[in-house]
Structures are given as C-alpha cells and as structure tokens.
Amino acid sequence: MTFTLWNPAPVVLDDTEVLRRVEALTYAGRAPLAKSSLDLLGAISKALFSSPQARVQPQYVALAYWLRPAALERLAGELRTRFDGSFVPAPRGLALHLPPTNVDTIFVYSWAVSVLAGNCNIIRLPSQLDEGTAWLAGLIATTIAEAGEGDRHLFCQMPQDGPLIEAISRHCDLRMIWGGDAKVDSVSRTPIRPDGLSIGFPDRKSLAVICAASYRAADETERDALAARFFNDIYWFNQMGCGSPRMLYWVGESGDLAIDLYDRLDAQVTGKGHLTETGVAIGKFAAVNDLLAEGIGASATRVSNALHVLKSDRPAAMLSQTHGGGLLGQTVVGSIIDIAADVGRKVQTIGHFGFDRGDLEALGQAIAGRGGYRIVPIGQALQFDILWDGVDLFDQMTRRIAIRL
Amino acid sequence: MTILEQCFARPPYSIPAAEREALLLGAFNELTAHHHAHCAPYARIVDGYWGGLRAADSLADLPYLPVSLFKMRRMLSVSDDDIRVTLTSSGTTGQAVSQILVDRESSMLQQKALANSLMHVLGPKRLPMLVIDTDAVFKDPRMMSARGAGVLGQMRFGRDHAFALTPDLRPDIDAVRDFLAKHGDAPFFMFGFTFMVWANLYEQFRDAGLDLSNGVLIHSGGWKKLVEKAVDNQVFRAALKDSFGLIRVHNFYGMVEQIGSIFMEGPDGLLYPPNFSDVIIRNPVTWELAPVGEPGVVQVLSLLPRSYPGHSLLTEDMGVIEAVDAGGDEWMGKGLRILGRVAKAELRGCSDVIAAEAA
C-alpha cells in the first residue's frame with residue numbers, strides 16, 4: 001500500500017502515519033464561511049490568474065473566476081442569509097472526495113464548497129493523472145502549503161480499495177463520490193462513519209431546447225452569440241460532461257433555422273481552433289452508423305468533421321447513447337412540455353434559449369417527479385452551481401446545531 | 001462470366017487500377033443494392049446517411065461502413081439459417097470483437113480467393129510447411145483464437161507440417177533441424193505472425209546457423225509491437241536475409257471483416273489488393289479522396305462479402321498509396337503502405353471505467 005501526499009512535492013507516508021494524520025482531523029473543522037477559508041480559495045484564484053497555463057484552458061479560467069475573492073464574498077453573503085439565528089452553523093468534519101478518473105475541474109468546486117463549509121478534506125487523485133490535472137492539483141497543493149493549511153487538506157494518491165482507504169473512510173463524516181453509476185455502487189460498499197453522509201453523483205445526460213420562433217426573431221449578432229455559448233456547452237469537455245448536451249429539441253418547426261445554427265456553431269469550431277482527432281471522428285462516424293442501423297436516428301448530416309447531427313424520432317434513446325465528440329441529436333416538438341416525456345432519472349441539465357419564465361416553470365413542473373435537475377440558459381450547462389444534481393452542496397456539507405430558547 | 005469470375009480467371013494481382021475501377025464499379029453497385037435489399041440496418045444507414053440507394057459514379061463514391069460497426073452489432077444479408085461460420089476478430093481481453101457472419105457461398109469464395117493469393121507466391125503445388133508457432137495454438141482449446149484460426153487456415157496450403165515453437169513459445173530447434181534436413185533443399189513454405197517471426201524466429205534462432213534460403217515466408221498481423229522495437233519492413237527483411245539467407249518474404253494485410261481479400265506484399269515492398277478488391281485513402285478531415293502519396297485513413301473494398309454488408313469498409317488504419325501499377329506485370333493496382341493504427345480516441349466522461357484504473 002502506498003499513500004502519496006502532495007505536500008506539495010509528493011511524499012510517501014506509511015499507513016500508520018496516514019491514519020494518525022487523518023485521526024487528527026476529526027475535531028479540526030472550522031466555522032463555515034470563516035475568513036481563512038475564503039482567503040485560501042482566493043489565493044488559488046490569484047495563482048490561477050497569474051499562470052499562463054491556466055489562461056489557455058477555458059475551464060481553468062472559469063474556475064479562477066468562480067474562486068475570486070469578490071465572487072466568493074458574494075456567495076458567502078448569500079449563504080449567510082440562511083443563518084437566521086435559529087441554529088449555529090457547523091462543519092460536518094472530515095470529508096473524503098473521490099473525483100472521477102478524468103478529473104475535470106468539478107472536483108475542485110466540490111472541494112472548495114467543502115472548504116467554505118469549514119471541513120477538513122482528503123482528496124484522492126486518480127493514480128494516473130493527465131498533464132493538465134497534475135498541474136492543477138500541484139498548483140492547489142502548493143497554495144495550500146503556502147497558506148499553512150497543508151495538514152487540513154490532504155491531496156493524495158492511494159489505492160482505490162483495500163484496507164487503507166477502508167480505515168480512512170471510517171473516520172469520514174462526508175464522502176463525495178464522482179464518477180458515475182458503477183463507481184458510486186462500488187465505493188458505497190465501504191462504510192464511512194455511522195453518522196456520516198455519503199453523496200454519489202451517478203451517470204447523467206443532458207439536453208438543450210430552443211424556441212424556433214425566438215431563434216427566427218433573433219438577429220445575426222444574437223444568433224452568433226448563442227452559437228458561441230452552445231459551442232462551450234458542447235465542446236468544453238468534448239461533449240462528455242454530465243452537463244454536455246447530447247440532444248437538441250426545437251420547439252416549433254425549425255425549417256432552415258436548424259442548419260443556420262449548425263453552420264454558426266461550426267464557424268465557432270473553426271474560429272476557436274477546435275480540432276477533432278481522427279480517432280474521435282471515426283468513433284463518431286461509427287456511433288452514427290450504429291444509431292441509424294438501430295433505427296434510433298432517422299437521418300444524419302455531417303455538418304463538418306467536428307459536428308454530426310442526427311435527426312431522431314426516438315430522442316429518449318438518443319439521450320442514452322454515450323458517444324460525444326460533436327454528435328448532436330435533433331428532434332422537433334410542438335411545445336416545451338413535450339420534452340418531459342423524455343426526461344428520465346438520468347437527465348441532468350436542460351439548456352434553454354428563447355423561452356419566458358412561464359414556459360420554463362411549466363417545464364419544471366412537468367419534469368418534477370421524473371428527472372432533470374437544472375434548467376439553465378444555453379452556455380451555462382457546464383457552469384458549476386452550488387445546487388448540483390438537486391443537492392445543495394453547502395447545506396449537505398454543514399451541520400446545524402439547533403438552539404431553542 | 002461474372003465480374004468475380006473474371007477477376008479469378010486472371011493472375012490475382014494483375015488488373016491495372018483504371019481497368020479495375022471500370023470493371024468493378026458495376027459489381028460493387030450491385031452489392032450495395034443487394035445488401036440494401038436484404039439487410040434492413042444497412043438500408044437504414046444508406047437511406048439515412050448516404051441519401052438513399054443510388055449507383056455510385058466511382059469506387060470512391062460508394063457508401064462505406066466503419067469497420068467497428070461489426071463489433072457493435074450483428075449485420076447480415078442472408079437468413080440466419082444460412083450462416084455456416086461466425087468469424088471473430090482477435091481482440092485483447094475486455095475488447096469487443098467483430099462478428100462476421102459467413103454463409104456457404106461467401107465461405108467458398110473466400111477459400112478460393114485465399115488459395116489464389118497464396119498460390120501466386122507459393123506456386124501451384126503444396127509445399128512442405130514450417131509454422132512459426134506452436135501446434136498448441138489450435139490443439140489446445142484454451143488457446144484457440146483468431147491466431148489459431150489463422151494458422152489453421154494457412155496450414156491447408158502446406159503439407160508435412162512442422163512447428164518451430166514449443167507450447168511455451170520457446171524455439172524447438174530439433175523440430176526445425178529435422179524439418180530442414182528433410183525439406184530444406186527444395187522450396188518450402190513458412191507462415192507466422194509478423195511479431196512472432198521477429199521475436200520467436202529471428203531473435204531466438206538468429207545465431208543457430210539455419211539455412212532458410214529455399215523458404216517462402218508469408219507473415220501478417222501488424223507492425224505495432226515491432227514499431228516499439230524500431231523494426232520496420234526494411235529492417236525485418238534485411239535481418240532475415242542476413243541471418244537465414246531468407247529472401248522470399250511476403251507480408252500481407254487483411255482483416256477478418258474482409259476475409260479472403262489478401263493485400264500481398266509485392267517485389268517493391270508495397271501491399272497490393274487482389275483483383276476483386278481495391279483500396280481508397282481518405283483525408284481524415286474532409287474525408288475526400290486523398291491523392292497518391294498523401295497519407296490518410298484506409299478504406300478497403302472487396303467483392304466477396306455477400307452474406308454481410310462488408311464490401312466497403314472504413315478501417316482504423318492509416319496508410320498511403322505510394323505508387324499505382326508500379327509493381328511489375330503481375331503486381332498491378334494501387335501499392336499501399338500501412339502507416340499504423342489511428343490513435344485511439346480517449347473520450348472519457350464523468351463516468352469512470354472502474355476496471356480501467358490501475359489501483
């Protein structure tokens with residue numbers, strides 16, 4: 001068993017030492033929204049903004065913005081309004097974070113909210129890290145060490161199962177499992193503290209919906225701006241994020257509007273220099289063939305190497321297909337409410353364009369009890385929200401000590 | 001005579017490119033229509049992606065399927081009852097394998113095509129055969145695999161078989177010496193997978209003083225593992241010549257999805273498609289036809305597949321057409337060089353593949 005702590009340079013610790021450090025964290029929680037917590041996150045934002053590597057990655061830029069002191073102060077202000085005097089807010093204690101293998105930036109947000117909540121944290125990084133993630137984790141570990149908080153936030157690598165992580169889990173008040181159905185199932189077999197809370201984030205798929213009439217009314221600038229935001233939603237994580245749209249619903253006859261949007265989307269692909277690897281292009285072609293053969297797709301258009309659009313009369317089946325890389329399903333419905341029938345438990349984000357509040361609330365009511373967790377403007381599909389998959393992360397990461405006079 | 005019979009009637013690699021295009025186009029259009037009529041999923045693809053059934057104006061204009069589709073689903077253009085053999089591709093553990101459904105007619109055509117290709121380099125008579133493998137590869141059911149099937153398929157073209165390797169893939173020097181004592185003075189046939197020929201024949205026997213100068217070696221299976229050792233076709237050929245006096249060496253390129261269609265290495269080191277086949281290189285961004293000399297993704301065409309819609313397939317190999325009709329009289333058509341596999345797509349989402357993560 002090897003436990004490697006990023007301190008920030010990797011240090012190998014033996015199991016006894018690991019457990020000693022973990023145990024020491026049991027009562028090391030801080031008051032939620034403590035200044036020291038905000039300062040630590042603000043320092044990470046600053047480190048991100050000042051590094052050239054972060055500036056070329058839009059995900060890192062978004063993270064840096066989310067963590068900047070003014071934004072955190074605003075968030076903390078909103079959260080403090082929940083503290084109505086009927087309770088004393090308290091941290092849960094020790095949180096274990098298990099980010100997905102392809103660690104995107106989500107795990108940093110989940111850790112950051114836990115920091116705001118006042119918890120101590122253990123973050124298990126995957127055994128094999130891509131260059132960008134290793135760099136990001138290194139930057140965070142360095143900032144933590146410089147802030148003298150290295151003992152409270154253990155960024156580490158360790159075996160995903162076995163006696164060590166089992167022993168560590170027994171000390172945890174909170175466990176965040178990112179990585180889909182199979183991982184949630186497998187990790188959940190290991191107990192944490194009996195009074196602890198384990199939260200899993202299973203497989204999710206997302207969709208987008210556009211009002212054809214609104215798109216028709218939109219001028220060139222608005223259409224291009226929509227295409228730019230839609231590009232981010234689709235291509236940031238190569239369309240493989242839980243929030244990445246796989247299916248686009250047009251409400252009302254789209255006619256030539258659809259191809260107008262796809263051409264603008266493709267112009268974004270070209271303008272932003274997004275390249276499609278040959279393996280991705282071939283895999284996408286294979287997925288299109290399979291979906292056509294199965295009858296899930298009725299017809300397919302190759303807009304460009306980066307974008308294939310598959311017209312589907314079976315959008316629910318199209319939603320559950322797993323290929324990304326620029327494969328968008330398309331269907332036309334008469335009313336936004338018609339989407340609800342396709343929204344099952346696995347649907348996460350619904351990106352929208354061109355609807356008013358009444359339409360969106362009607363959709364929200366129609367999907368209540370079915371699935372779907374976020375109805376957000378196109379362009380915000382991948383944006384982190386403290387309300388994630390229907391879970392209020394800050395609430396779940398804190399405890400309330402009731403005071404009754 | 002059908003087009004296929006015309007192809008079979010001539011030396012197997014002899015039809016020049018332009019003549020081949022003209023000769024084969026109608027037959028390929030007929031095959032597309034046949035599969036469209038008899039394989040509903042194929043028809044849905046042609047209707048949904050290729051604008052419906054129509055006669056292609058050129059071979060490059062034919063619809064093509066991704067080769068991995070045969071890993072994703074069963075595709076057949078005859079009734080299930082007519083299927084005689086299900087061929088599967090080799091694949092490492094956990095990988096999906098192709099399922100190729102072959103009826104009697106397709107099977108016979110494949111055998112005939114394979115025989116034509118091999119006889120072209122081995123001559124009309126069956127030769128004594130030294131297999132660069134172990135007989136356990138097909139005798140032991142636990143080892144039975146595409147490799148075993150490949151060895152068995154080749155063995156029918158030789159006689160008096162000997163095996164150069166023991167079941168644990170060590171050199172069986174006595175068996176090899178016995179074979180050479182009996183047959184080494186006249187032409188004999190050797191077959192093996194490219195990597196094993198290198199690692200288990202060349203590397204292990206190179207100092208054994210073996211005289212293989214009467215041998216004809218046919219090998220296949222890809223260069224991936226050899227690229228890691230910086231061994232290309234030139235190095236490979238030079239090493240076999242220096243150590244064993246072995247000069248008659250033919251690599252071939254083929255795949256289970258188009259079994260029977262053997263792209264054989266000609267005297268210029270390029271791979272030539274048999275008369276009833278062709279190869280197209282596509283630009284990996286525009287997917288248009290790439291000109292001679294420009295690398296791209298390899299698309300293969302074969303007239304043999306009738307029981308499954310595999311007559312036009314986009315492979316996952318990169319290649320380049322180096323020359324056309326340049327291999328000499330009996331080696332006409334496009335001369336292909338394979339450049340390797342397309343780099344595997346790593347599209348990982350929020351979901352972990354648990355098994356994929358090394359603990």
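The structure presented is a predicted model; accordingly, all values stated were derived computationally and were not measured. Convention: sequence-line order gives letters A, B, ...; per-chain numbering from 1.
Between the Asp290(A) side chain and the Arg73(B) main chain, no donor and acceptor come within less than 3.5 Å of each other.
Counted within 6.0 Å of NZ on Lys272(A), heavy atoms from surrounding residues, nucleotides or ligands total more than 12; the atom is thus considered enclosed.
For chain B, no part of Gln239(A) is nearby; none of its heavy atoms comes within less than 4.5 Å. Looking at Ala298(A), only its backbone comes within 4.5 Å of chain B, counting heavy atoms on both sides. In this structure, chain A has no heavy atom under 4.5 Å from any part of Phe70(B).
Distance check: Tyr49(B) OH to Leu292(A) CG gives 9.0 Å after rounding to the nearest 0.5 Å. Summarising the geometry, atom CE belonging to Met318(B) is positioned 5.5 Å from atom OG1 belonging to Thr278(A); distances are rounded to the nearest 0.5 Å. Atom CH2 of residue Trp287(B) and atom CG of residue Asn305(A) lie 6.5 Å apart, to the nearest 0.5 angstrom. Note that the CG atom of Leu65(B) and the CZ atom of Phe285(A) stand 7.0 Å from one another [nearest 0.5 Å].
Listed by sequence position, Pro41(B), Arg44(B), Ile45(B) are the residues of residues 25-46 of chain B in contact with chain A, using a 4.5 angstrom heavy-atom cutoff.
For the options Asn289(A), Leu310(A), Thr301(A), heavy-atom pairs under 4.5 Å to chain B are most numerous at Asn289(A).
Scanning both residues, Thr315(B) and Ile282(A), for their nearest heavy atoms gives O-CD1, 4.0 Å.
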